[in-house]
Structures are given as C-alpha cells and as structure tokens.
Amino acid sequence: MEGLKPMVEDFHKRIRWKDFRGAARHIVPESREPFLRARAEQQDDRDLSITDFEILEIALAPDGMRALVTTRLGWMRLPSPSEQTETISSEFVFRDGEWLLERMEGGPFAGELP
C-alpha cells in the first residue's frame with residue numbers, strides 16, 4: 001500500500017494541471033488511449049479545470065491486489081460557469097508491480113473508465 005497513496009496523489013495532481021498524458025500512465029493500458037482521445041475530443045486542455053481534490057479514504061481489499069479510493073473533487077468544464085464538487089470512487093488494481101487506475105465513478109471522466 002505504500003506505493004498506492006503517492007500514485008493516487010500524482011494522478012490527481014496531473015489531471016489538476018492538465019497533464020493528461022502523465023495521468024494516463026497511471027491508468028490500465030487498455031484504457032489509456034480512449035482516455036486521451038476523450039480529453040482531445042472534449043478539448044479538456046482548454047475547457048476542464050480541476051479546482052481541488054482531497055483523498056478521503058483508501059481501502060485495500062483483503063487480497064491486497066485491489067484498492068477503493070474515495071476522493072472529493074472540485075471541477076468545472078466550460079461552457080458551464082458552475083463549479084461542481086463530487087465524491088468520486090476509483091478502483092485501483094496492482095498489476096505488473098504497480099498500482100493502476102481501472103475504474104472511476106463520477107466526476108469529469110464519468111463513463112470513460114468502465
């Protein structure tokens with residue numbers, strides 16, 4: 001678990017600063033290109049702003065190979081002028097010696113990471 005929290009923080013910092021290619025390195029390989037394609041199609045480098053994030057909880061599965069991370073995320077996507085604050089659930093899997101984001105529910109990427 002010691003490598004999980006820094007990776008989760010790095011993922012969130014990268015999306016906050018619009019480093020989507022860097023963030024994609026923390027996603028399971030089969031979802032990286034669809035994630036990056038969606039960022040380009042939605043023009044997120046211009047229109048998406050992650051205003052804040054706070055990791056609320058990290059729960060490790062009994063087998064130690066999966067973790068559920070709960071994060072509070074503030075964000076807005078133009079043309080909407082309203083900031084949204086949402087509690088996001090993310091599932092990480094330990095694969096090939098590293099933690100990778102496999103699934104995310106809620107937030108600006110809802111529906112993109114199954």
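Just so you know, residue 1 is the first one in the sequence shown, and it goes up from there. Keep in mind that this is a model prediction, so the values were computed, not measured.
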For [X] against [Y], the heavy-atom pair lying closest together:
X	Y	value
Ile27	Arg32	O-NE, 2.7 Å
Arg95	Pro29	NH1-CD, 3.7 Å
Phe35	Ala24	CD2-CB, 4.1 Å
Glu9	Phe53	O-CZ, 4.1 Å

Student check: side-chain heavy atoms of [X] and [Y] closer than 4.5 Å:
X	Y	result
Met104	Ile88	yes
His12	Leu73	yes
Phe92	His26	no
Phe109	Ile15	yes
Gln42	Arg77	yes
Ser49	Lys18	yes

Q: Applying salt bridge (charged side-chain N to carboxylate O under 4.0 Å, His left out), name anything that partners Arg39, two or more places apart in sequence or on another chain.
A: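 By the salt bridge (charged side-chain N to carboxylate O under 4.0 Å, His left out) rule, Arg39 matches Asp44, Glu112.
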
Q | Pairing residues for Arg16 by the salt bridge (charged side-chain N to carboxylate O under 4.0 Å, His left out) criterion, not counting sequence neighbours | A | none

Side chains of residues 54-67: which donor-acceptor pairs under 3.5 Å do they make with residues two or more places apart or in other chains?
from: Glu54; atom 1: OE1; to: Arg72; atom 2: NH1; distance (Å): 3.0
from: Asp63; atom 1: OD1; to: Met65; atom 2: N; distance (Å): 2.9
from: Arg66; atom 1: NH1; to: Glu91; atom 2: OE2; distance (Å): 2.7
from: Arg66; atom 1: NH1; to: Glu102; atom 2: OE1; distance (Å): 2.6
from: Arg66; atom 1: NH2; to: Glu102; atom 2: OE1; distance (Å): 3.2

Q. So, the side chain of Thr51 versus the backbone of Gly74: is there a donor-acceptor pair under 3.5 Å, distance only?
A. yes

Q) Are Ile50 and Met76 co-members of a hydrophobic cluster defined by side-chain heavy atoms under 4.5 Å apart? A)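 No; Ile50 is not reachable from Met76 via cluster members.
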
Q | Sole residue of Leu101, Asp19, Thr71 in side chain to side chain contact (heavy atoms under 4.5 Å, CB included) with Phe11 | A |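 Exactly one option meets the side chain to side chain contact (heavy atoms under 4.5 Å, CB included) with Phe11, and it is Leu101.
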
